[in-house]
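These values consider heavy atoms only, across backbone and side chains, with no hydrogens, waters or symmetry-generated copies.
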Amino acid sequence: MRTGQLTAHTHTHTHTHTSQETRTMADSDSEEAAVLDNTDLTSPESENNMINTMVERETALLKKIDINVAESEKRSGKNTVNMQETYTVYLIEIRPANAAEGGLPVGDSPWRRYSEFELLRTYLLVTYPFVVIPPLPEKRAEFVWHKLSADNLDPDFVERRRLGLENFLIRVASHSVLSKDKIFYQFLTEEKGWREAVLETGFQDKADSRLKSLSATLRVKNPDKSFTDLKQYSDELNSAISHLLRVRAKVADRMYGVYKVHGNYGRIFSEWSAIEKEMGDGLQSAGHHMDTHSASVDDILEEEEHYADQLKEYLFYTDALRSVCRKHELIQYELEMAVLDLASKKQQREELTTGAVRVFSLKGMSSKLFGQESPEQRESRLAALQQSIQASEDAVLDKNQECREFMRMSWEEVKRFKEQKDRELREALISYAIMQISMCKKGIQVWSNAKECFNKM
């Protein structure tokens, strides 16, 4: 039953106006005020408040094309270990934003697996480490309540994931840097050869290993306080949203039970009406209202899932923030290692020049055992050491510049992300509150109607 309801609810988005409607949620505050004045949302208003993309058509790419993950399809085939598997693919369609003006060549309409979206995002993470890369929707359902399927092939879950994947593509296309990436555009337009093209970039060789990142986190001596604070904030935001989603799942479970129990009123009133003459019609009508109220919970909780998906996106955004922090820690660690290497070489030069050895070394022991080296040997070593020091000084300067540039670009990204987060979560929470108010009003109306039925008995 829920599958049919969701299909009816989202079919229009699937084939016609998903990209345009997805962007309407970020309109002006005046529209928000109008919504607040009318808490009884109509169906179109409710749909617009559920869609989870609030991006503006500011980038050159989004001015030229509309992006739409139009549909999903279940397929079967053999995986890399030659075992049969069932999986879902998603159709990406792009078209000129303004057909009259033309635009970029749109190419194919490729079908993509979720794993290909993962590969694209990993490529973007490695290539643009200073960017807070938009997250993908969940691979498997999390924070589910008992009537919600955790099966990743469940039609309702696949449909919500389709919307999430479209949201991901539009977020990337709305980014001033990511939208210009050639590999990303190939992902949108080329059915064949894209995987080979992304692997040919060699991004996997540039990827920092988890062990290396962990080592940097543990061994960096002078972590930047702003990034330390950002990491702590991302952890706390993750914890807050996780708790909110758990509470919401518990409330959904209990609300489902309460609504369905109302169906017992309908059954009892209907049975009671059969033995009454004067009261029969009133009891029968009241029972009908209770049955309608009981059945409405499926649509209500389906709508709530879209708000939960908005929260989940920002739950996954916290990992993108931590990724930026880990990259900075690695750069900072490499800078500290370069500084230590330079200091060590300068100490060697001082010892070679003065003949004084500050610490125990094999070189000092060998000098005592086998005698001092000749002046020519010392000059040769000193010249080689001077060249090495110059190279190390250049390396420190380069790493310093890299660190400063990374901080500049990443903080621009973090600022943009925080503005987006504040705006979108505020609107999502307001819309969720409006939905709850509307739901309560409908409950009041049901009991008001039942009261009128009782009055007429």
Side-chain angles (χ1 to χ4, degrees), residues 22-23 25-27 29 32 51-62 67 117-118 120-138 163-181 184 208 213 223-242 244-245 307-332 403-431:
T22 303
R23 300 186 182 94
M25 201 171 173
D27 287 341
D29 289 340
E32 176 195 303
I51 301 303
N52 189 26
T53 303
M54 297 169 263
V55 298
E56 300 175 359
R57 301 176 66 90
E58 294 296 329
T59 64
L61 185 59
L62 278 186
I67 302 172
F117 281 88
E118 288 182 308
L120 171 64
R121 187 173 185 275
T122 302
Y123 160 79
L124 295 174
L125 275 171
V126 173
T127 309
Y128 307 98
F130 57 91
V131 175
V132 183
I133 304 294
L136 292 169
E138 57 193 345
L163 290 172
L165 292 174
E166 180 177 279
N167 178 59
F168 166 75
L169 293 179
I170 294 175
R171 286 207 187 277
V172 174
S174 71
H175 193 278
S176 58
V177 175
L178 303 181
S179 61
K180 298 174 185 176
D181 188 271
F184 171 61
D208 302 316
S213 297
D224 187 276
K225 186 178 185 303
S226 56
F227 281 94
T228 302
D229 291 344
L230 179 62
K231 184 193 290 187
Q232 181 178 350
Y233 170 76
S234 67
D235 291 341
E236 291 173 350
L237 179 62
N238 181 286
S239 177
I241 296 178
S242 295
L244 184 58
L245 286 167
Y307 291 112
D309 287 340
Q310 293 181 29
L311 290 174
K312 287 177 184 179
E313 182 185 22
Y314 278 93
L315 179 71
F316 303 144
Y317 254 124
T318 60
D319 188 59
L321 286 176
R322 287 193 288 262
S323 178
V324 173
C325 294
R326 286 194 297 268
K327 182 62 179 179
H328 177 264
E329 286 173 342
L330 184 58
I331 295 174
Q332 178 68 24
C403 194
R404 284 195 298 268
E405 190 67 10
F406 182 87
M407 289 184 68
R408 181 188 66 79
M409 293 188 295
S410 61
W411 278 110
E412 288 177 1
E413 280 292 312
V414 170
K415 180 182 177 183
R416 183 192 64 81
F417 165 77
K418 286 186 174 181
E419 290 173 352
Q420 168 192 302
K421 173 200 56 102
D422 291 347
R423 180 181 68 252
E424 295 186 6
L425 286 182
R426 173 179 174 271
E427 292 193 13
L429 292 171
I430 288 173
S431 297

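Put simply, the side chain of Leu178 does not reach to within 4.5 Å of the side chain of Phe184, judged on heavy atoms. Between Tyr307 and Leu429, the closest side-chain pair of non-hydrogen atoms is not below 4.5 Å. Within the 4.5 Å cutoff, side-chain heavy atoms of Cys403 are placed close to those of Gln332. Here the side chains of Leu61 and Lys180 are not in contact, with every heavy-atom distance at 4.5 Å or above.
We find the OH-CG distance between Tyr314 and Leu321 to be 10.5 Å, quoted to the nearest 0.5 Å. Atoms CZ and CG, from Phe316 and Asn238 in turn, are 9.5 Å apart once rounded to the nearest 0.5 Å. Atom-to-atom distance recorded for Asp229:CG and Lys231:NZ is 11.5 Å, nearest 0.5 angstrom. For the atom pair Glu138 CD and Asp309 CG, the distance stands at 6.0 Å (nearest 0.5 Å). The structure places CG of Leu244 at 11.0 Å from OG of Ser239, a figure rounded to the nearest 0.5 Å. Here OG of Ser410 is found 7.0 Å from NE2 of His328. Values are rounded to the nearest 0.5 Å.
Ring-centre distance between Trp411 and Phe406: not below the 6.0 Å cut-off.
Residues satisfying the side-chain contact (heavy atoms from CB on, under 4.5 Å) criterion with Asp319, sequence neighbours excluded, are Arg322, Arg326. Under the salt bridge (charged side-chain N to carboxylate O under 4.0 Å, His left out) criterion, Asp224 pairs with no residue at all, not counting sequence neighbours. Judged as a salt bridge (charged side-chain N to carboxylate O under 4.0 Å, His left out), and not counting sequence neighbours, the contacts of Arg408 are Glu405, Glu412. In this structure Glu236 satisfies the salt bridge (charged side-chain N to carboxylate O under 4.0 Å, His left out) test with no other residue, sequence neighbours excluded. Residues meeting the side-chain contact (heavy atoms from CB on, under 4.5 Å) test with Leu125, sequence neighbours left out: Arg121, Ile133, Ser323. Checked against salt bridge (charged side-chain N to carboxylate O under 4.0 Å, His left out), Lys415 has no partners two or more places apart in sequence or in another chain.
The shortest non-hydrogen separation linking Ala308 to Leu245 is O-CD2, 3.8 Å. Across Ala173 and Ser179, no two heavy atoms sit closer than the pair O-CB, 3.1 Å. The heavy-atom pair separating Ser242 from Leu315 by the smallest distance is OG-CD1, 3.2 Å. Closest of all the heavy-atom pairs between Ile170 and Leu62 is O-CD1, 4.1 Å.
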For Glu413 and His175: C-alpha separation, side-chain torsions, deciding distance, then whether side-chain contact (heavy atoms from CB on, under 4.5 Å) applies. CA-CA 10 Å; Glu413 280 292 312; His175 193 278; 2.7 Å; yes
Run Thr318 and Asp235 through side-chain contact (heavy atoms from CB on, under 4.5 Å) and show every step you take. CA-CA 7 Å; Thr318 60; Asp235 291 341; over 6 Å; no
Go through the steps to decide whether Val324 and Phe130 satisfy the test side-chain contact (heavy atoms from CB on, under 4.5 Å), and finish with yes or no. CA-CA 6 Å; Val324 173; Phe130 57 91; 5.8 Å; no
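Ionic pairing of Lys421 and Glu313 is not present here: no N-O contact between side-chain nitrogen and carboxylate oxygen is shorter than 4.0 angstrom.
Looking at Tyr317 and Gln420, their side chains do bring a donor and an acceptor atom within 3.5 Å of each other.
By the 6.0 Å and 45° rule, Lys418 stacks over the aromatic ring of Tyr233.
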